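Keep in mind that the numbers below use all heavy atoms, side chains included, and drop hydrogens, waters and symmetry copies. Everything numeric here is computed off the predicted structure, so don't read it as measured data.
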Amino acid sequence: MSSAEQCDVLIAGAGPAGLAAALFLIKCRPALAGRIFALEKARHPRPKVCAGGLVPKTLAALDHLGVPLDVPSVEVIAGTARTEIGSVILPPGDVLCTIVRRDQFDSSLAAAARRAGVRIVENCRVDQVEEGADSVRVRSEQGVFEAPILIGADGSGSRVRRAIFNPDREFIGRGLMIDLPVSAESSVEFRDHILRFDFACVAAGVRGYAWSFPCLINGQPHLNIGIYDQTADRPLSNKLLIPELRKAFAELDIPGDSQRFRAFPIRWFDAEARFASRRVLLAGDAAGVDPLMGEGISYAFEHGRAAAGSISRFLDGDRNALTDYDHVLRHGSIGRKLSRLAFAARKFYGPRHRIYFRMAHLSRKAQQIGVNWYNGARMLDEMPARRLIARWITAVLLRRSVR
Ligand SMILES: Cc1cc2nc3c(=O)[nH]c(=O)nc-3n(C[C@H](O)[C@H](O)[C@H](O)COP(=O)(O)OP(=O)(O)OC[C@H]3O[C@@H](n4cnc5c(N)ncnc54)[C@H](O)[C@@H]3O)c2cc1C
């Protein structure tokens with residue numbers, strides 16, 4: 001048997017989930033500096049198909065980790081969402097979303113992780129994973145690595161997940177996107193600091209929405225335009241998605257040629273899946289993220305935080321700590337929120353979607369609560385469902401602020 005390089009914690013994948021887990025771990029156990037290896041198949045800065053929208057909860061996590069957001073970004077403070085029933089306007093307020101380019105953001109996060117003492121082994125694809133009673137062995141492009149614990153943070157197509165959890169069902173949707181140069185003066189997204197969503201494509205059978213986000217590429221204003229479809233069993237073709245995207249933003253010159261678009265899978269949350277075994281935890285897209293909007297960066301950080309907490313307790317001798325991770329992802333605040341988003345996706349993208357879009361139109365206050373909950377503001381996502389619903393109903397019926 002080939003000799004293996006040893007460390008305390010191995011991570012497959014150095015994207016946001018793997019890097020966040022490493023940073024949270026070192027923050028709670030500084031002695032792990034130099035003892036955590038992240039194996040990454042690419043080399044930072046590497047391209048990543050993503051709109052790069054960071055919700056406030058992600059910025060709060062960066063702040064907690066002491067990692068500055070030191071890459072070019074565009075802040076938006078308002079939004080519009082067009083539906084079959086009419087448009088919902090989110091009026092200007094606090095920062096709703098901060099838009100970055102993922103190659104720059106992930107590379108900056110990797111640099112912060114290296115500074116903290118994480119060893120990132122690049123150009124090192126994980127090929128095989130074997131779980132033993134007390135350790136996990138990983139065969140990679142750069143040899144064999146062994147550790148008592150492995151975090152599978154290798155994205156939607158996770159090899160770790162396939163090797164260890166052998167899932168019998170997969171919920172994987174898709175995002176398709178293109179970047180278009182614009183003039184900042186004539187683009188409403190830049191002028192009014194807004195992002196635009198369009199859910200009208202639900203009527204055509206898309207289980208998702210189209211978006212237009214302002215962003216900077218090489219310092220130049222661009223729109224990142226895309227369409228998300230969560231359909232897992234019969235993925236919709238570009239032939240259907242691209243015309244729906246062009247319809248959503250008819251005033252923009254979006255090409256019809258599918259070669260100009262880039263697509264990537266998004267694994268969404270399945271409450272019945274397993275997220276932890278004896279020695280392996282899944283995080284980020286490998287575990288499954290938001291089914292409603294396909295937002296995954298904040299969950300990458302939340303999973304990273306939860307994984308670090310469980311691993312730290314495990315290293316202190318708590319043998320049940322890794323099983324607890326499974327519980328947190330299913331039934332803790334992360335699992336509850338993702339289950340609610342899965343419920344919302346079934347309603348808003350299901351056959352009775354018109355009824356639910358009509359309900360969403362009822363009250364501006366209720367819309368604001370929905371957005372605050374989504375963005376993780378005021379700890380609304382940690383609130384029990386009954387209290388959250390009571391607040392929402394109060395807002396709709398009494399038309400008063402319930403913050
Ligand atoms: C078109 C589109 C738009 C999106 N827009 C947003 C958005 O605006 N906001 C948002 O929050 N989310 C968005 N998402 C989702 C978001 O991109 C993901 O949820 C997020 O990247 C998950 O982070 P992660 O670290 O789990 O996975 P990833 O970012 O995919 O990172 C996984 C890492 O593992 C590496 N890797 C993969 N396989 C291996 C292997 N075998 N061995 C070693 N390394 C490996 C990869 O190279 C990569 O670096 C979007 C997704 C798509 C497709």
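Paired with D127 under the rule salt bridge (charged side-chain N to carboxylate O under 4.0 Å, His left out), one option of R139, R137, R162, R159 passes, and it is R159. Among the candidates V74, V71, V100, the single residue satisfying the side-chain contact (heavy atoms from CB on, under 4.5 Å) test with L216 is V74. I36 pairs in a side-chain contact (heavy atoms from CB on, under 4.5 Å) with only one of the listed residues (I311, L25, I151), which is L25.
The backbone N or O of F199 lies less than 3.5 Å from no partner atom in the side chain of T83, so there is not a single donor-acceptor pair. Not one N or O on the side chain of E122 forms a donor-acceptor pair closer than 3.5 Å with the backbone of R43. Of the possible donor and acceptor atoms, one in the side chain of Q142 sits under 3.5 Å from a partner among the backbone N and O of N123. Looking only at distances, a side-chain donor or acceptor of H222 sits under 3.5 Å from a matching main-chain atom of Q220. Side-chain atoms of D103 never come within 3.5 Å of backbone atoms of R46 as a donor-acceptor pair (strictly under, hydrogens ignored). Side-chain atoms of N320 do not come within 3.5 Å of backbone N or O of T323 as any donor-acceptor pair. Listed for the Q230 side chain is a donor-acceptor partner under 3.5 Å among the backbone atoms of P291. Side chain of R29 to main chain of S312: a donor-acceptor pair is present (N/O by atom type, distance under 3.5 Å, no hydrogens or angles).
Annotation: the span from R35 atom CZ to I26 atom CD1 amounts to 11.5 Å, rounded to 0.5 Å. Summarising the geometry, atom OH belonging to Y228 is positioned 7.0 Å from atom CH2 belonging to W268; distances are rounded to the nearest 0.5 Å. The structure places CG of L322 at 15.0 Å from NE2 of H327, a figure rounded to the nearest 0.5 Å. D324 contributes atom CG, which lies 13.0 Å from atom CZ of R319 (distance to the nearest 0.5 angstrom). One distance of note links SG of C97 with CG of L54; it measures 6.5 Å at 0.5 Å rounding. Summarising the geometry, atom CG belonging to L90 is positioned 11.5 Å from atom CD1 belonging to I77; distances are rounded to the nearest 0.5 Å.
Residues F213 and I225 are not in side-chain contact: their nearest non-hydrogen atoms beyond the backbone lie 4.5 Å or more apart. Side-chain contact check for R354 versus I85: some heavy-atom pair is nearer than 4.5 Å. Within the 4.5 Å cutoff, side-chain heavy atoms of N224 are placed close to those of M177. Side-chain contact between V55 and E295 is present, with heavy atoms from C-beta onward closer than 4.5 Å. Two residues are said to be in side-chain contact when any heavy atoms from C-beta on lie closer than 4.5 Å; V280 and V136 meet this criterion. The shortest side-chain heavy-atom distance between P235 and D229 does not fall under the 4.5 Å cut-off. When side chains are defined from C-beta on, L223 does not count as touching C215, because their heavy atoms never get closer than 4.5 Å. Under the 4.5 Å side-chain criterion, counting only non-hydrogen atoms from C-beta, I164 is in contact with V129.
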Would D198 and R82 count as a salt bridge (Lys or Arg N to Asp or Glu O under 4.0 Å) if you check the C-alpha gap in whole Å, the side-chain angles of each, and the deciding distance to 0.1 Å? CA-CA 5 Å; D198 195 310; R82 197 166 73 93; 2.6 Å; yes
Criterion side chain to side chain donor-acceptor pair (under 3.5 Å) on R207 and T231, from CA distance to verdict: CA-CA 6 Å; R207 295 180 66 88; T231 312; 4.9 Å; no
Walk me through it: do R174 and N238 pass the test side chain to side chain donor-acceptor pair (under 3.5 Å)? CA-CA 11 Å; R174 203 159 74 105; N238 289 359; 2.6 Å; yes
Salt bridge (Lys or Arg N to Asp or Glu O under 4.0 Å) for E131 and R279? Distances and angles first, verdict last. CA-CA 7 Å; E131 188 179 32; R279 298 270 165 183; over 6 Å; no
Apply ring-ring contact (aromatic ring centres under 6.0 Å, His included) to Y325 and F275, showing your working. CA-CA 8 Å; Y325 177 78; F275 306 106; 7.6 Å; no
side-chain contact (heavy atoms from CB on, under 4.5 Å) between F249 and R196, worked out: CA-CA 9 Å; F249 304 113; R196 290 197 287 156; 3.8 Å; yes
Does the pair K41 and E141 meet the rule for a salt bridge (Lys or Arg N to Asp or Glu O under 4.0 Å), with working shown? CA-CA 8 Å; K41 77 171 177 189; E141 272 180 297; over 6 Å; no
Can you check side chain to side chain donor-acceptor pair (under 3.5 Å) on D70 and S108, steps first, answer last? CA-CA 7 Å; D70 56 4; S108 148; 2.8 Å; yes
For E272 and R330, run salt bridge (Lys or Arg N to Asp or Glu O under 4.0 Å): C-alpha distance rounded to whole Å, both residues' side-chain angles, the deciding distance at 0.1 Å, then the answer. CA-CA 8 Å; E272 287 173 30; R330 266 175 226 259; over 6 Å; no
Determine, stepwise, if the pair I120 / R114 fulfils side-chain contact (heavy atoms from CB on, under 4.5 Å). CA-CA 7 Å; I120 302 175; R114 277 196 197 95; 4.0 Å; yes
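With respect to R161 and E170, a salt bridge is recorded, a charged nitrogen being found less than 4.0 Å from a carboxylate O. Of the charged side-chain nitrogens involved, at least one lies within less than 4.0 Å of a carboxylate oxygen, so that D179 and R262 count as a salt-bridged pair. Comment: R358 does not engage E84 in a salt bridge, judged by the lack of any side-chain N to carboxylate O separation of less than 4.0 angstrom.
For the pair A286 and A153, the tightest heavy-atom approach, listed with the atom from each and the gap, is CB-CA, 4.5 Å. Across every non-hydrogen atom of A4 and E146, the tightest pair is CB-CB, 3.8 Å. In terms of heavy atoms, A321 sits closest to S310 at CB-O, 3.2 Å. In plain terms, the two heavy atoms of A12 and V160 that are nearest each other are CB-CG2, 3.7 Å. A pairwise comparison of heavy atoms in L176 and L241 identifies CD2-CB, 4.0 Å as the closest pair. In plain terms, the two heavy atoms of A210 and C201 that are nearest each other are N-SG, 4.2 Å.
More than 12 heavy atoms of other residues, nucleotides or ligands shown are found within 6.0 angstrom of CG on D257. For CZ of R352, the number of neighbouring non-hydrogen atoms (other residues, nucleotides, ligands) closer than 6.0 Å is 12 at most. Residue R278 places its CZ atom among more than 12 non-hydrogen atoms of other residues, nucleotides or ligands, all under 6.0 Å distant. Around the CG atom of D316, the shell of radius 6.0 Å holds more than 12 heavy atoms that belong to other residues, nucleotides or ligands.
Between Y209 and F197, the ring planes lie perpendicular to each other; the angle is over 60°, past the 30° to 60° tilted range. Taking the six-membered ring for Trp and thresholds of 30 and 60 degrees, H303 and Y299 have ring planes inclined between 30 and 60 degrees apart. Relative orientation of the F348 and Y356 rings is perpendicular, given thresholds of 30° and 60° on the angle between their planes.
Remark: K57 is not positioned above the aromatic ring of F301, lacking an NZ or CZ atom under 6.0 angstrom from the ring centre and at most 45 degrees off the axis. For the pair R274 and F165, the cation does not sit on the ring face, since its NZ or CZ is not both under 6.0 Å from the ring centre and inside 45° of the axis.
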